[in-house]
Amino acid sequence: MNEYDPKEIEKKWQEKWEKSGIYHAKDKSDKPKYYSLIEFPYPSGDGLHVGHPRPYIGLDVVSRKRRMQGYNVLYPIGWDAFGLPTENYAIKTGKDPRVVTKENTDTFRRQIQSLGISFDWSREINTTDPKYYKWTQWIFLKFLEKGLAYKAKTEINWCPKDKIGLANEEVIDGRCERCGTEVEKREKEQWMLAITKYADRLHGDLDDVDYPERVKIQQKNWIGRSEGAELDFEIADSKRQVVKVFTTRPDTIFGATYLVLAPEHPEISSFKSQISNWKEVDEYIEKTKKRTDIERTADSREKTGVRLEGMIAINPASKEEIPVFIADYVLPHYGTGAIMAVPAHDSRDYEFASKFRLPIKEVVIPERIDKRNPPVQGKKSVERRNVHAIVKNPKDGKVIVLKWKHHPWNTFPMGGVDDGEDIIDAAKREVLEETGYKDLANGKVIGGQVRAEYFAAHKDENRVAYTSLVSFDLASEERDEISAEEDNAHEVLWMEESELTPEFMTHAEMDVWIDRLTNGHGAYTGNGVLINSGDFSELDSEEASKKIAGKFGKSVITYKLRDWVFSRQRYWGEPIPVVHCGQCGVVPVPEQDLPVLLPKVENYQPTDTGESPLANISEWVNTRCPKCEGDAERETDVMPNWAGSSWYFLRYMDPNNNKEFASEKNLKYWAPVDWYNGGMEHTTLHLLYSRFWNKFLFDLGLVPESEPYKKRTSHGLILAEGGEKMSKSKGNVVNPDKVVEQFGADTLRIYEMFMGPFEQAVAWSEDSLVGPRRFLEKVWRMSEKLKDSTDDSLILHETIKKVTEDVEALGFNTAVSALMILVNDLDKRVEVSKSEFETMLLLLAPLAPHITEELWQSLGHKDSIHFAKWPEYDESKIERSEAVVVVQVNGKKRGEFTAPIDIKESEAFKTAKSLPDVTKWIEDKEVKKMIYVPGKIVSIVV
RNA sequence: GCCCGGGUGGCGGAAUUGGUAGACGCAAGGGACUUAAAAUCCCUCGAGUGCAAACUUGUGCCGGUUCGAGUCCGGCCCCGGGCACCA
């Protein structure tokens, strides 16, 4: 036999497969369908690098396995070819983007085809093909028709370098995702898509799909659903005008000591007449408008704002008159653009209130029930204000603890606070009475109160205590005599602060104290029990929230998600198919006139006014209104590059249809995508957008499934050798052509699957490529020592099981490992049974399609291995009759023995104890306990 | 700051209803074959002690639960990703 020469066989099979079209999916079949999908690439001018094929190979393995398991598989590919890099290249070189795109896709196609991926090339699509974007435009018109596409003057993120409006998703750390330039704000008329109308379903339906948990979490965070309430605050002297605020914590309403409106709040001007410092207010509003988002968040620690003098709101719950502010920490787009500020229970409001010296009113406090001294039933219950004093000696950092003599308690100096008494004075008094120390300095209340229930044994009563913590520094060690009674009750200890744990200290509040002492004690933002809240006092947060929301407003749900800015002032995108008519306004281009073709231009440079280069082509812009036949102008904005990718998975189902975007029949057959693999970076962009488009089309009855993708997985990036991202600028890109040339496509495929867990980023390693190559050579050579036999072995069945299961769970690396183990085992034999060898080839076929096809057909098979039946394992052959049982003494391995799998426990113990290596550890000791885990371990405790 | 991942030999990584840590591969060292080299095959390969049998130690750090912890619990540290004044 010849040497293994991948160059010769790989090309040969690739051509044969494509010529016979064996990977072309059938639109009609008796077989069950399976639709596997990878994210179609953007064909950049740099060509493919070794990171691109990782997901293609992964799902190729799955797709090939499915075909062998009897499925009619659709595994398509195409090009997401609209977009900025090509356009920027066109600007620089003056080359037509159509030509550039053609060149790039040709390169990508050639490269991908050299890897033997079983894509159905007959369904190849390209988003820049008018036959494709005709339908992208058509879907846009549907959005328009249903009122979900609308034009709005909005503040947009503007990239001054690319001269383009950016969606929120394209702004990374306040910078343009593509070029890194700081993003500015600009007002512009933009086409918008009302994705927020679908926010609830995009959020809720995630429960029904098989996505990785982290993807679901990320999407949910992005959508940012939160349940809360809109509460009405009346404005004094304003003819019953109200300001609506949004809050997730209606339970804190009694603590709302002021209101804050976003500077952009539309109603501010309607109060202009009653605001006495309007000039100052207006200046602040203007200043905010000019600030970019980065500026607004960069100095986010320092709160700014202006009081609206003369404007007074009424807290509907407490009836108190409270001031109103504008401040840029309140965002216009979220909730109602106005908040009730509760400084005691919101850290931002707390900061603002501290700076502007506004009242801080505590209305929710944590609650603890003392587990060690729980309230005793039947005893009387006394409610009181308590104070705990933490007295520190600055000299050594030690703190006073009282050790009680007649109870098992360790407490701080503590006691009740009399009505009207200052907390700090009360604490001082208690410290003096209980310890005699009288020279206390820097008295400070640490945070708010805690409600604690406990049994006070020394007074034989249950107590509900509202406790505050006060800290002091000991100014001098001067000390008075203490009463005999106090002296008899407890001992005074000085202890290290680190010793004051919740376990040691008796106070049920101790964990709260520790948290406040270590993490600061600004606002208490947790839930708890209400105080100072009129009829709602004593209720817990949850119940109070419902009741308060009902009484002073209504429950509402809000989202962080915002509508999608759908206009780009660019050239290389789908023209938005509408015209502007002086008579009729915005008029959609009639369906029969689609597609609106992208005209050729002289100059691809966007105009300085920020309009699309299309605006300069008057013969294209000037047109007739489809409605009134009068003069009209074409829309010159184009769609963002996520438009084409929002529905491409549907087009694959019927790629050549020129009557519909896809026929109902084909959609019904193929939808949904069974398995969609893509990058984590598309979680909040493409994945969300395409779910949105699909749901929209579903609502129109145009697609049969409300969720486009049944199952989603994500691949990890392939990094350069040093662990850095591969990029042209760093010069560390590895081109797959070189690898295929040197090692062959099968080796590249095996290596990419073997190099690490599929979902994790892994660094490329040139050295490691030889491992997979040696493995394939071993397989190749093995075909020379076959014997005609149908023997099979335990390890073969184990491998079938392992590979079958691992591929489903993305465990490609362990599947390859299992095959290597099998091949090593077979290789050691003098002769290999032909049937075992063939089974091994079948298991390897999805991973290394060329070499397996070559060997398979050289064994006399006429049909392709890739449609041969996937092997099944025999459970009975995997069951081992014997097991190696490990013996542990006190948890350490001391020996092992082989025994029948069903050995009795008593037998196992006997054998274990008789092993010489075990005996010596137990002979002079008493065996306290023996544990037998069947077939695995005997554990002896001495 | 918050939300997700992750931390295991020289390297990539195996190992989860808690049960022999380091599978498989790379690199390294030794040997066989060869005039020689490549290729191939065999052996060694976490650290430490020991002639050996064997023993000690070891999965980011500290503590806990358990006969037994990479795996579970509590408290940290570090790295990667996402969000970020979202009320």
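Residue numbers start from 1 in every chain, and the chains themselves are labelled A, B, ... in the order their sequence lines are given, proteins ahead of strands.
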Check: Once you round it to whole Å, what is the distance between P of B:A87 and CD1 of A:I326?
Finding: 22 Å
Note to self: Once hydrogens and angles are ignored, does a donor-acceptor distance under 3.5 Å link the base of B:C26 to the side chain of A:S768?
What the structure shows: no
Notebook entry, point to check: Rounded to the nearest Å, what distance is computed from the CZ atom of residue A:F812 to the C1' atom of nucleotide B:G13?
Noted result: 17 Å
Notebook entry, point to check: A:Q219 CD to B:C83 P: how many Å, rounded?
Noted result: 13 Å
Item checked: Other residues, nucleotides, ligands: >12 heavy atoms within 6.0 Å of A:K355 NZ -> yes
Notebook entry, point to check: On RNA chain B, nearest-nucleotide positions of A:K802 versus A:K893: which is more 5'?
Noted result: A:K802
Next item on the list: Classify the nucleic acid contact of A:S347 as base, sugar-phosphate or nothing, counting any heavy atom under 4.0 Å across all strands shown.
Entry: nothing
Notebook entry, point to check: RNA chain B: A:V770 or A:I217, which has the more 5' nearest nucleotide?
Noted result: A:I217
Item checked: Span that lies between the P atom of B:U8 and that of B:U44, in whole angstrom -> 26 Å
Next item on the list: State the pairing partner of B:C2; accept Watson-Crick or G-U wobble contacts with both distances under 3.5 Å, and report none otherwise.
Entry: B:G82
Check: Between A:S226 and A:Y334, is any side-chain donor less than 3.5 angstrom from a side-chain acceptor?
Finding: yes
Next item on the list: Give the minimum heavy-atom separation between A:E724 and A:L719, together with the two atoms involved.
Entry: O-CB, 3.3 Å
Margin query: Check A:R712 with A:D210, please: is the shortest side-chain N to carboxylate O separation under 4.0 Å?
Written below: no
Notebook entry, point to check: Counting only Watson-Crick or G-U wobble pairs whose two distances fall under 3.5 Å, which nucleotide matches B:A37?
Noted result: none
Note to self: Rounding to an integer number of angstrom, what distance separates B:A27 and B:G46 when you compare their C1' atoms?
What the structure shows: 15 Å
Check: Is the backbone of A:R829 close enough, under 3.5 Å, to the side chain of A:K785 for a donor and an acceptor to pair up by distance?
Finding: yes
Next item on the list: Using the P atom as the reference point in each nucleotide, state the distance between B:A23 and B:G31 in Å, no decimals.
Entry: 24 Å
Note to self: For a quick check of understanding: with a heavy-atom distance under 4.0 Å over all strands, which category does A:K725 fall into, base, sugar-phosphate or nothing?
What the structure shows: nothing
Check: Does A:K928 get its side chain close enough to the base of B:C67, under 3.5 Å, for a donor-acceptor pair?
Finding: no
Note to self: Mind checking if A:N813 touches a base, just sugar-phosphate, or nothing, with heavy atoms under 4.0 Å?
What the structure shows: sugar-phosphate
Note to self: Any strand counts, and the cut-off is 3.5 Å on both contacts for Watson-Crick or G-U wobble. Which nucleotide pairs with B:A15?
What the structure shows: none
Next item on the list: Could you check whether A:Q218 gets within reach of a base, just the sugar-phosphate, or nothing at all, counting any heavy atom under 4.0 Å?
Entry: sugar-phosphate
Notebook entry, point to check: Which part of the nucleic acid does A:V762 contact within heavy-atom distance under 4.0 Å: base, sugar-phosphate only, or nothing?
Noted result: sugar-phosphate
Check: Is B:G9 in the syn range, within 90° of 0, or in the anti range?
Finding: syn
Checklist line | Spacing between A:L685 atom CG and B:G82 atom C1', to the nearest angstrom | finding: 12 Å
Next item on the list: Can you figure out which of B:C85, B:U40, B:C67 approaches the side chain of A:R781 most closely?
Entry: B:U40
Checklist line | B:C76 - base-pair partner by Watson-Crick or wobble geometry, distances under 3.5 Å | finding: B:G60
Next item on the list: Using a heavy-atom cut-off of under 4.0 Å over every strand shown, decide if A:T247 touches base, sugar-phosphate, or nothing.
Entry: sugar-phosphate
Item checked: Protein-nucleotide distance (A:W780, atom CH2; B:A39, atom C1'), rounded to Å -> 17 Å
Notebook entry, point to check: Counting only Watson-Crick or G-U wobble pairs whose two distances fall under 3.5 Å, which nucleotide matches B:A54?
Noted result: B:U49
Next item on the list: Using the C1' atoms only, state how far B:G58 lies from B:G48, rounded to an integer number of Å.
Entry: 10 Å
Margin query: Which nucleotide wins on minimum distance to the side chain of A:K936, given the candidates B:G19, B:G25, B:A23?
Written below: B:G19
Checklist line | Residues A:D5 and A:K7 bridged, charged N to O under 4.0 Å | finding: no
Margin query: Once you apply a heavy-atom cut-off of 4.0 Å, does A:W921 come out as touching a base, just sugar-phosphate, or nothing?
Written below: sugar-phosphate
Check: Just checking A:R773: base, sugar-phosphate only, or nothing, at a heavy-atom cut-off of under 4.0 Å?
Finding: nothing
Next item on the list: Give a yes or no on whether a donor-acceptor pair under 3.5 Å exists between the nucleobase atoms of B:G5, that is its base, and the side chain of A:Q760.
Entry: no
Next item on the list: Calculate the interatomic distance between A:I937 atom CD1 and B:U20 atom C1'; express it in whole Å.
Entry: 7 Å
Next item on the list: Rounded off to whole Å, could you give me the CZ-to-C1' distance for the A:R774 and B:C24 pair?
Entry: 14 Å
Notebook entry, point to check: With a 4.0 Å cut-off on heavy atoms, is A:K560 in touch with a base, just the backbone sugar-phosphate, or nothing at all?
Noted result: base
Notebook entry, point to check: Would A:T304 and A:Y329 count as having a side-chain donor-acceptor pair, cut-off 3.5 Å?
Noted result: no
Next item on the list: Calculate the interatomic distance between A:I795 atom CD1 and B:C24 atom P; express it in whole Å.
Entry: 10 Å
